[in-house]
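Reviewing the structure listed below.
Just so you know, these numbers use all the heavy atoms, side chains as well, and skip hydrogens, waters and symmetry mates. Please read these numbers as outputs of a predicted model, since none were measured by experiment.
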Amino acid sequence: MNNKKNAAGIFILCIATIICIAFGFYAKDTVSTNNEIKTIEISVVNGEDIKVFEISTSGKTLLDAANEINLVAGEKGSYGLFVKTVNGYTVNDDKQEWWCITKSMETVFEGIENIKINDGDKYEITLKTGY
């Protein structure tokens, strides 16, 4: 009877080991996908002028992707990067101009450095006037 209990214990130990190994390979694959190339689209809207940029990136945030093509610049503040320049146009504070970031036409309420990107995302950066 003890041989059967030992065999059952060894069998369960082997199955548990196989599951742990399989999970390790799965976790490794999951981590490596964080560096996958994602293709996103950023439309810059400045009045009637609309320019669309398709960016392939391994970056994790919208700022990472935008920096790859030198699309944005700004000032670091207590809330993160305040975007002042997009595609070479710098806002005019006297006119109360500012850049609004949207994703698929929905306002994003995070700073550009905190916006996580996924493959196929579409963003708009639109010049607005008035606070």
Side-chain angles (χ1 to χ4, degrees):
M1 189 71 155
N2 281 339
N3 287 340
K4 286 184 180 180
K5 285 184 181 179
N6 286 343
I10 291 172
F11 177 74
I12 291 172
L13 184 61
C14 288
I15 295 298
T17 302
I18 291 169
I19 290 171
C20 288
I21 291 170
F23 181 78
F25 282 116
Y26 172 77
K28 180 180 178 258
D29 287 344
T30 302
V31 170
S32 67
T33 61
N34 290 337
N35 293 326
E36 281 185 5
I37 300 296
K38 300 171 273 293
T39 301
I40 68 166
E41 183 178 287
I42 301 175
S43 298
V44 177
V45 182
N46 185 347
E48 299 294 317
D49 185 33
I50 300 172
K51 291 203 173 26
V52 179
F53 300 88
E54 188 174 285
I55 305 169
S56 293
T57 180
S58 61
K60 295 178 181 163
T61 67
L62 187 57
L63 181 60
D64 293 339
N67 279 342
E68 287 188 18
I69 60 168
N70 297 316
L71 187 61
V72 299
E75 298 172 357
K76 271 296 214 187
S78 56
Y79 296 106
L81 183 71
F82 180 67
V83 177
K84 300 216 31 138
T85 303
V86 177
N87 196 35
Y89 182 85
T90 302
V91 295
N92 183 332
D93 291 331
D94 293 336
K95 293 181 181 179
Q96 296 184 338
E97 292 179 334
W98 57 283
W99 292 104
C100 177
I101 300 174
T102 54
K103 178 181 178 185
S104 299
M105 305 306 287
E106 297 284 328
T107 302
V108 178
F109 295 101
E110 294 182 80
I112 191 168
E113 68 272 13
N114 294 321
I115 301 170
K116 304 288 185 225
I117 59 173
N118 294 299
D119 190 45
D121 283 351
K122 294 184 180 195
Y123 294 92
E124 304 82 27
I125 304 177
T126 305
L127 182 66
K128 300 283 188 173
T129 303
Y131 302 130

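- When hydrophobic clusters are built by joining Ile, Leu, Val, Met, Phe, Trp and Tyr residues whose side-chain heavy atoms come closer than 4.5 Å, directly or via intermediates, Ile42 is not grouped with Ile50.
- Screening residues 109-123 for salt bridge (charged side-chain N to carboxylate O under 4.0 Å, His left out), with sequence neighbours left out, gives Lys103-Asp121.
- You'll find the side chain of Asp49 stays beyond 4.5 Å of the side chain of Tyr89, heavy atoms only.
- Contact check for Ile40 versus Leu62: side-chain heavy atoms found under the 4.5 Å cut-off.
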Working for side-chain contact (heavy atoms from CB on, under 4.5 Å), residues Tyr123 and Thr102: CA-CA 6 Å; Tyr123 294 92; Thr102 54; over 6 Å; no
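- A pairwise comparison of heavy atoms in Thr57 and Glu68 identifies OG1-OE2, 2.5 Å as the closest pair.
- By the side-chain hydrogen bond (donor to acceptor under 3.5 Å, both in side chains) test, Thr39 is found to be paired with Ser56, residues two or more places apart in sequence or in another chain being considered.
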Worked check of side-chain contact (heavy atoms from CB on, under 4.5 Å) between Ile115 and Thr61: CA-CA 5 Å; Ile115 301 170; Thr61 67; 5.7 Å; no
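- Within the structure, the side-chain hydrogen bond (donor to acceptor under 3.5 Å, both in side chains) test picks out the following pairs touching residues 74-85 (sequence neighbours left out): Lys84-Asp93, Thr85-Thr90.
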Derivation of the side-chain contact (heavy atoms from CB on, under 4.5 Å) call for Ile55 and Ile69: CA-CA 8 Å; Ile55 305 169; Ile69 60 168; 3.6 Å; yes
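- A donor-acceptor distance shorter than 3.5 angstrom exists from the side chain of Trp98 to the backbone of Gly130, with no hydrogens or angles considered.
- Between the side chains of Glu124 and Ser43, no donor N or O sits under 3.5 Å from an acceptor N or O.
- When hydrophobic clusters are built by joining Ile, Leu, Val, Met, Phe, Trp and Tyr residues whose side-chain heavy atoms come closer than 4.5 Å, directly or via intermediates, Leu81 is grouped together with Val108.
- Of all non-hydrogen atoms in Ile117 and Ala65, the two that sit nearest each other are CD1-CB, 4.2 Å.
- Following chains of ILVMFWY side-chain contacts shorter than 4.5 Å, one can reach Leu63 starting from Phe53, so the two form part of one hydrophobic cluster.
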Chi angles and distances behind the side-chain contact (heavy atoms from CB on, under 4.5 Å) call for Ile112, Trp99: CA-CA 11 Å; Ile112 191 168; Trp99 292 104; over 6 Å; no
